[in-house]
S.K.: 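Following this message is one structure expressed as structure tokens.
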Amino acid sequence: GPEAVFARHRRLGAGVREAVAAWGLGLCARHPRWYSDTVTAVLMPPRANAAQVIDAAFRRYNLSLGTGLGQLAGRVFRIGHLGDLNELMLLGALGGVEMALADAGVRIKPGSGVAAAQQYWRDADAAPKRKAGRAGRAFAGYPAALGASRATAAWSRRSPLAAARK
């Protein structure tokens, strides 16, 4: 229900903030009570321009980042973590942000933010999300394990591919 969605957004946002901290960058929200579960605004270091990061992210890595508005233009970029999104999708985005930061001349340790987010998410929710299926069966050439009908299973035993597997 909605509470699970809100909890997921809270968890995703916290992981992104861990990544930002690992990069040594600041947040626009200076106090945890102002943290957003939907977007994280990242402060650029002095003499760095957020527009360069946003441009590199989009042009080189097909990653859309938000810009700072008003007085924050050029000083902040935004990473969204709302909607149909999960940890793996955000890890890709964080990797793209790291590459764009490096392209814009911001000194960060590559992989540091991704690693920090990974560690946070692993520690924050160590339980598996889904019940595992029958291990190994789907990859061992058993079409019935994939829900195939008996006719499909019989066909696959007679197919040229089955003969090649022997």
Side-chain angles (χ1 to χ4, degrees), residues 1-139 146:
E3 290 306 317
V5 172
F6 300 150
R8 176 171 50 91
H9 291 150
R10 219 173 1 265
R11 187 175 64 252
L12 293 176
V16 170
R17 289 186 291 274
E18 291 292 322
V20 174
W23 296 330
L25 300 178
L27 299 171
C28 186
R30 304 233 183 238
H31 192 277
R33 75 172 174 240
W34 299 113
Y35 291 170
S36 170
D37 294 336
T38 61
V39 66
T40 296
V42 181
L43 286 172
M44 294 295 292
R47 292 182 291 284
N49 189 341
Q52 291 176 327
V53 175
I54 295 165
D55 185 64
F58 184 73
R59 291 181 189 274
R60 295 198 68 193
Y61 309 113
N62 199 30
L63 174 65
S64 292
L65 298 172
T67 187
L69 304 174
Q71 294 177 347
L72 296 176
R75 296 181 49 210
V76 168
F77 67 89
R78 295 175 295 134
I79 303 170
H81 35 82
L82 175 69
D84 186 16
L85 192 65
N86 63 34
E87 295 86 349
L88 293 178
M89 293 172 178
L90 264 175
L91 287 172
L94 293 172
V97 171
E98 289 182 354
M99 292 188 295
L101 284 165
D103 291 347
V106 178
R107 297 181 68 124
I108 64 161
K109 181 180 178 191
S112 60
V114 170
Q118 285 176 332
Q119 193 61 54
Y120 175 82
W121 289 322
R122 291 188 73 239
D123 292 345
D125 190 18
K129 301 265 190 283
R130 296 189 173 120
K131 184 177 177 182
R134 297 187 331 203
R137 300 280 299 188
F139 299 107
L146 298 172

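Note that the structure is predicted; figures quoted are calculated from it, not measured.
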S.K.: For Leu94 and Ile79, run side-chain contact (heavy atoms from CB on, under 4.5 Å): C-alpha distance rounded to whole Å, both residues' side-chain angles, the deciding distance at 0.1 Å, then the answer.
M.R.: CA-CA 9 Å; Leu94 293 172; Ile79 303 170; 4.3 Å; yes

S.K.: Write out all pairs satisfying salt bridge (Lys or Arg N to Asp or Glu O under 4.0 Å) with one or both partners inside residues 47-67, taking only residues at least two apart or from two chains.
M.R.: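 Every pair satisfying salt bridge (Lys or Arg N to Asp or Glu O under 4.0 Å) with a residue in residues 47-67: Asp55-Arg59, Arg60-Asp103.
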
S.K.: Which atoms form the tightest heavy-atom contact between Leu63 and Val97, and what is the distance?
M.R.: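 Heavy-atom minimum between the residues: CD2-N, 3.7 Å.
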
S.K.: To the nearest 0.5 Å, what is the distance between CE on Met99 and CD1 on Ile108?
M.R.: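 So the gap between those two atoms works out to 10.0 Å.
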
S.K.: On a heavy-atom basis, which atom in Arg11 and which in Trp121 lie closest, and how many Å separate them?
M.R.: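 Result for this residue pair: O-NE1, 2.9 Å.
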
S.K.: Partners of Thr38 by side-chain hydrogen bond (donor to acceptor under 3.5 Å, both in side chains), sequence neighbours excluded?
M.R.: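 Partners of Thr38 under the side-chain hydrogen bond (donor to acceptor under 3.5 Å, both in side chains) test: Ser36.
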
S.K.: Test: salt bridge (Lys or Arg N to Asp or Glu O under 4.0 Å). Region: residues 65-74. Which pairs qualify, not counting sequence neighbours?
M.R.: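 Non-adjacent pairs meeting salt bridge (Lys or Arg N to Asp or Glu O under 4.0 Å): zero.
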
S.K.: Please find the pair of heavy atoms, one from Gly80 and one from Leu90, that lie closest to each other, and give the distance.
M.R.: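 Reported closest heavy-atom pair: O-CD2, 4.0 Å.
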
S.K.: Mind listing the closest non-hydrogen atom pair of Ala48 and Val106 along with its distance?
M.R.: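 What the structure gives for the nearest pair is CB-CG2, 4.1 Å.
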
S.K.: Sequence neighbours left out, what passes side chain to side chain contact (heavy atoms under 4.5 Å, CB included) with Phe6? Give chain and number order.
M.R.: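 With neighbours one apart ignored, the set is Pro2, Glu3, Arg10.
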
S.K.: Would you call Leu82 and His9 a side-chain contact if the rule is heavy atoms closer than 4.5 Å?
M.R.: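 They are in contact (side-chain heavy atoms under 4.5 Å apart), so the answer is yes.
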
S.K.: Side chains of Leu43 and Leu25: closer than 4.5 Å at any heavy-atom pair?
M.R.: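 No, side chains not in contact.
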
S.K.: Table please: side-chain donor-acceptor pairs of residues 112-120 below 3.5 Å, with sequence neighbours left out.
M.R.:
| unit_1 | atom_1 | unit_2 | atom_2 | d |
| --- | --- | --- | --- | --- |
| Ser112 | OG | Lys109 | O | 2.7 |
| Gln119 | NE2 | Asp123 | OD1 | 3.0 |
| Gln119 | NE2 | Asp123 | OD2 | 3.3 |

S.K.: Please name all residues satisfying side chain to side chain contact (heavy atoms under 4.5 Å, CB included) with Pro110, sequence neighbours left out, ordered by chain then number.
M.R.: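 Listed in chain order: nothing, the list is empty.
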
S.K.: Please list all pairs passing the side chain to side chain donor-acceptor pair (under 3.5 Å) test where one or both residues lie in residues 74-85, with sequence neighbours left out.
M.R.: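 Qualifying pairs, neighbours excluded: Thr40-His81.
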
S.K.: To the nearest 0.5 Å, what is the distance between CD (Glu87) and CG (Leu85)?
M.R.: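 Those atoms lie 8.5 Å apart.
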
S.K.: Ignoring hydrogens, what is the shortest heavy-atom contact between Ile54 and Gly66? Give both atom names and the distance.
M.R.: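 Taking every non-hydrogen atom into account, CD1-O, 3.4 Å.
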
S.K.: Please list, chain by chain and in numerical order, all residues satisfying side chain to side chain contact (heavy atoms under 4.5 Å, CB included) with Leu88, sequence neighbours excluded.
M.R.: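 Side chain to side chain contact (heavy atoms under 4.5 Å, CB included) check on Leu88 returns Asn86, Leu91.
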
S.K.: In chain order, what residues pass the side chain to side chain contact (heavy atoms under 4.5 Å, CB included) check against Ala29, with sequence neighbours excluded?
M.R.: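 Per chain and number, Ala29 pairs via side chain to side chain contact (heavy atoms under 4.5 Å, CB included) with Trp34, Tyr35.
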
S.K.: I need the full list of side chain to side chain donor-acceptor pair (under 3.5 Å) pairs touching residues 15-27, with sequence neighbours left out, sorted by first then second residue.
M.R.: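 Pairs touching residues 15-27 that pass the test: Trp23-Glu98.
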
S.K.: On a heavy-atom basis, which atom in Leu72 and which in Cys28 lie closest, and how many Å separate them?
M.R.: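 That would be CD1-SG, 3.6 Å.
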
